[in-house]
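Report on the following structure.
This chain uses plain numbering: 1 for the first residue, then up along the sequence.
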Amino acid sequence: QVVLVESGGGLVQAGGSLRLSCAASGLTFSLYAMGWFRQAPGKEREWVSCITNSDYNTAYADSVKGRFTISRDNAKNMVYLQMTNLRPEDTAVYYCAADIKFGILRRPDEYDYWGQGTQVTVSS
């Protein structure tokens, strides 16, 4: 069975940095596109970033582009989200997701597998 486990969330001050990690098991990791989503209280789940399974192509939401970096390590079955210059509006539960489809995936319903989420809180 596919299991995704996020870690690295916490409380940081505005302007600070945090790196989220997602450990994947139960899948041929190199065949899966990996995405990060976030959900703030009272809001819909929002796409943050994706890295493809084929050529490591990446894409970012406009709200995080230039501040966040997604990466993956296929040898370790890990995907990361390096977050810098954090803002209070980045506060949310962050979720790792996986799908075997090719290309950049931006919609939650395009992903078959999800982690449990990790809380990121940015104070002003």
Side-chain angles (χ1 to χ4, degrees):
Q1 59 188 33
V2 175
V3 177
L4 307 178
V5 180
E6 302 96 334
S7 62
L11 175 64
V12 298
Q13 294 190 64
S17 299
L18 205 61
R19 189 175 86 154
L20 305 183
S21 299
C22 175
S25 62
L27 76 172
T28 304
F29 183 74
S30 63
L31 299 180
Y32 282 73
M34 302 297 297
W36 286 98
F37 290 78
R38 65 188 183 185
Q39 190 164 22
K43 293 188 175 182
E44 298 287 331
R45 190 163 296 190
E46 175 190 17
W47 175 73
V48 174
S49 185
C50 179
I51 184 165
T52 66
N53 58 352
S54 55
D55 56 3
Y56 283 33
N57 191 28
T58 61
Y60 301 89
D62 288 343
S63 59
V64 306
K65 192 171 185 178
R67 299 188 297 120
F68 291 10
T69 302
I70 190 171
S71 61
R72 66 191 295 162
D73 186 339
N74 286 351
K76 297 180 178 179
N77 284 12
M78 297 285 290
V79 63
Y80 307 96
L81 187 69
Q82 178 66 52
M83 306 183 293
T84 62
N85 193 23
L86 284 161
R87 304 165 180 168
E89 54 263 41
D90 295 319
T91 296
V93 177
Y94 282 72
Y95 298 90
C96 175
D99 198 88
I100 202 166
K101 292 187 289 290
F102 291 102
I104 296 293
L105 310 177
R106 295 179 173 88
R107 292 171 53 86
D109 59 13
E110 292 180 296
Y111 290 85
D112 287 336
Y113 305 106
W114 294 83
Q116 82 290 346
T118 186
Q119 177 71 48
V120 172
T121 302
V122 184
S123 62
S124 59

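Within a 6.0 Å sphere centred on OH of Tyr56, other residues, nucleotides and ligands contribute more than 12 heavy atoms. Other residues, nucleotides and ligands contribute over 12 non-hydrogen atoms within 6.0 Å of the NZ atom of Lys101.
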Item to complete: I would like to know whether Arg19 and Tyr80 meet side-chain contact (heavy atoms from CB on, under 4.5 Å); could you show each step before the answer?
Response: CA-CA 7 Å; Arg19 189 175 86 154; Tyr80 307 96; 3.7 Å; yes
Practice prompt. Could you please spell out the steps behind the side-chain contact (heavy atoms from CB on, under 4.5 Å) verdict for Arg38 and Thr91?
Written response: CA-CA 9 Å; Arg38 65 188 183 185; Thr91 296; over 6 Å; no
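Between Trp114 and Tyr95, the ring planes lie perpendicular to each other; the angle is over 60°, past the 30° to 60° tilted range. Taking the six-membered ring where tryptophan is involved, the planes of Tyr111 and Phe37 are perpendicular, since the angle between them exceeds 60° and thus also 30°.
Using a distance-only test at 3.5 Å, with no hydrogens or angles considered, a donor-acceptor pair links the side chain of Asp99 to the main chain of Asp112. A donor-acceptor distance shorter than 3.5 angstrom exists from the side chain of Glu6 to the backbone of Gly117, with no hydrogens or angles considered. No donor-acceptor distance shorter than 3.5 angstrom exists from the side chain of Arg106 to the backbone of Ala59, with no hydrogens or angles considered.
The OG atom of Ser71 sits 11.5 Å away from the CE atom of Met34 when rounded to the nearest 0.5 Å. In this structure, the separation between CG on Leu81 and OG1 on Thr69 is 8.0 Å, given to the nearest 0.5 Å.
Defined by atom type and a distance below 3.5 Å, a donor-acceptor pair is present between the side-chain atoms of Asp55 and Thr52.
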